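One structure below.
The structure displayed is predicted, hence computed values, not measured ones. Excluded from the calculations below are hydrogen atoms, water molecules and symmetry mates; all remaining heavy atoms, backbone and side chain alike, are included.
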Amino acid sequence: MKRIKLVVAYDGTAYHGWQLQPKEVTIEGKLNEALQQLTGETIQVIGASRTDAGVHALGNVAVFDTESRIPAEKFSYALNQRLPADIVVQSSQEVAADFHPRHCDCRKTYEYMILNRPFPLPEYRNTAYFCYGDIQINKMQEAAQAFIGEHDFAGFCSAGAQVKTTVRTIYSLEVQRIDQDRICIRVQGSGFLYNMVRIIAGTLLQVGQGKINPSDMERIIASCDRSQAGPTAPPQGLRLVEIKYQEVE
């Protein structure tokens with residue numbers, strides 16, 4: 001028996017999120033189906049980040065155990081012949097039998113894309129949140145600094161999250177206008193609560209629109225009160241960029 005680690009990219013538009021759900025089409029479900037076709041074994045992958053419906057990924061991570069004699073690095077090629085075009089395995093490698101993608105120390109990087117122009121562009125309808133009007137990037141950048149470090153982010157977590165602690169560490173949070181029409185919020189942290197990145201994005205967007213003062217951000221975080229933060233931004237603007245594990249890398 002060996003454990004294989006997959007790095008998976010996907011367009012989440014057509015899926016009901018990552019996690020396997022009865023009667024719903026999910027990323028995890030498609031990976032399980034492809035692996036079972038390939039190996040003849042009953043396989044259930046373990047994912048690092050259970051992204052929501054409509055959320056995308058460039059580098060989500062999953063592992064599975066198999067007795068197949070297929071070389072670890074060949075699984076990516078074989079799986080991509082069996083997966084739909086909107087799910088692509090970027091790499092595959094063997095890892096230690098006790099490696100667990102959710103229980104090992106890592107750094108996760110997410111990006112949230114905002115399309116800021118007078119009218120929407122069809123090509124971004126599934127990959128960015130359209131928002132017209134003036135957005136003050138400098139104020140968003142100022143407010144973003146309050147998130148850096150270890151904090152209790154209970155106020156930036158949607159109801160229903162089952163976690164032992166709401167304390168998380170954010171290593172970096174950047175807001176940049178990457179071209180005339182798009183604003184990118186890029187955040188790297190030790191881990192994130194349910195909808196945490198989307199709530200951060202919604203809150204920073206309200207700062208940019210003048211609805212929240214940047215100087216209030218420390219108070220909002222410290223309050224641990226969900227009603228003090230901004231709205232949860234829509235899923236289509238979010239993508240998981242990468243997950244780095246010190247043990248594996």
### Message
Which label fits His103 and His100: parallel for a plane angle under 30°, tilted from 30 to 60°, or perpendicular past 60°?
### Response
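The arrangement is parallel - the two ring planes meet at less than 30°.
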
### Query
Can you tell me if Arg226 and Thr232 form a side-chain donor-acceptor pair at under 3.5 Å?
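A pair is found: one side chain offers a donor N or O, the other an acceptor, under 3.5 Å apart.
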
### Task
Check whether the side chains of Thr66 and Glu41 place a donor and an acceptor atom closer than 3.5 Å, and report yes or no.
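Judged by distance alone, the side chains do pair up.
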
Return the [atom1] to [atom2] distance between [X] and [Y], rounded to the nearest 0.5 Å.
{"X": "Gln90", "Y": "Leu6", "atom1": "CD", "atom2": "CG", "value": "11.0 Å"}
{"X": "Tyr112", "Y": "Ile200", "atom1": "OH", "atom2": "CD1", "value": "12.5 Å"}
{"X": "Leu115", "Y": "Arg125", "atom1": "CG", "atom2": "CZ", "value": "12.5 Å"}
{"X": "Asn116", "Y": "Arg177", "atom1": "CG", "atom2": "CZ", "value": "4.5 Å"}
{"X": "Leu238", "Y": "Thr51", "atom1": "CG", "atom2": "OG1", "value": "8.5 Å"}
{"X": "Gln206", "Y": "Lys139", "atom1": "CD", "atom2": "NZ", "value": "13.5 Å"}

Closest heavy-atom pair and its distance - [X], [Y]:
{"X": "Ser92", "Y": "Ser76", "result": "OG-N, 3.1 Å"}
{"X": "Gly59", "Y": "Val7", "result": "CA-CG1, 3.8 Å"}
{"X": "His56", "Y": "Gly12", "result": "ND1-N, 2.9 Å"}
{"X": "Val63", "Y": "Pro101", "result": "CG2-CD, 3.6 Å"}
{"X": "Arg168", "Y": "Leu193", "result": "NH2-CD2, 3.4 Å"}
{"X": "Met140", "Y": "Leu204", "result": "CG-O, 3.2 Å"}

Test item: [X] side-chain N/O and [Y] main-chain N/O as donor-acceptor pair under 3.5 Å:
{"X": "Asn32", "Y": "Val45", "answer": "yes"}
{"X": "Asn60", "Y": "Val8", "answer": "no"}
{"X": "Glu28", "Y": "Leu20", "answer": "yes"}
{"X": "Arg198", "Y": "Ala233", "answer": "yes"}
{"X": "Ser190", "Y": "Thr169", "answer": "yes"}
{"X": "Arg239", "Y": "Val241", "answer": "no"}
{"X": "Gln141", "Y": "Val175", "answer": "yes"}
{"X": "Asn80", "Y": "Val88", "answer": "no"}
{"X": "Lys108", "Y": "Val187", "answer": "no"}

Is [Y] reachable from [X] through a run of I, L, V, M, F, W or Y residues, each pair having side-chain heavy atoms under 4.5 Å apart?
{"X": "Leu79", "Y": "Val95", "answer": "no"}
{"X": "Ile135", "Y": "Leu121", "answer": "no"}
{"X": "Val25", "Y": "Ile27", "answer": "yes"}
{"X": "Tyr129", "Y": "Phe156", "answer": "yes"}

### Task
Could you go through the side-chain contact (heavy atoms from CB on, under 4.5 Å) check for Leu38 and Ile43 one step at a time?
CA-CA 10 Å; Leu38 178 61; Ile43 289 178; over 6 Å; no

For the [atom1] atom on [X], are there more than 12 heavy atoms of other groups (residues, nucleotides or ligands in this structure) within a distance under 6.0 Å?
{"X": "Phe64", "atom1": "CZ", "result": "yes"}
{"X": "Glu218", "atom1": "CD", "result": "no"}
{"X": "Tyr171", "atom1": "OH", "result": "yes"}

### Query
Between Trp18 and Ser49, is any pair of side-chain heavy atoms under 4.5 Å apart?
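Of all side-chain heavy-atom pairs linking Ser49 with Trp18, none is under 4.5 Å.
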
### Message
Quick one, Thr109 with Arg186, criterion side-chain contact (heavy atoms from CB on, under 4.5 Å). Give me CA distance, side-chain angles, the key distance, then yes/no.
### Response
CA-CA 7 Å; Thr109 302; Arg186 183 182 177 95; 3.7 Å; yes

### Task
Give the C-alpha distance, both sets of side-chain angles, the deciding distance and a yes or no for side-chain contact (heavy atoms from CB on, under 4.5 Å) between Thr42 and Gln36.
CA-CA 6 Å; Thr42 300; Gln36 288 168 18; 4.3 Å; yes

### Task
Tell me whether the centres of the aromatic rings in Tyr10 and Tyr15 are closer together than 6.0 Å.
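Aromatic pair excluded; centres sit 6.0 Å or further apart.
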
### Task
Using the side-chain contact (heavy atoms from CB on, under 4.5 Å) rule, take Val55 and Leu240 through it: C-alpha gap first, then chi angles, then the decisive distance, then the call.
CA-CA 8 Å; Val55 175; Leu240 171 58; 5.8 Å; no

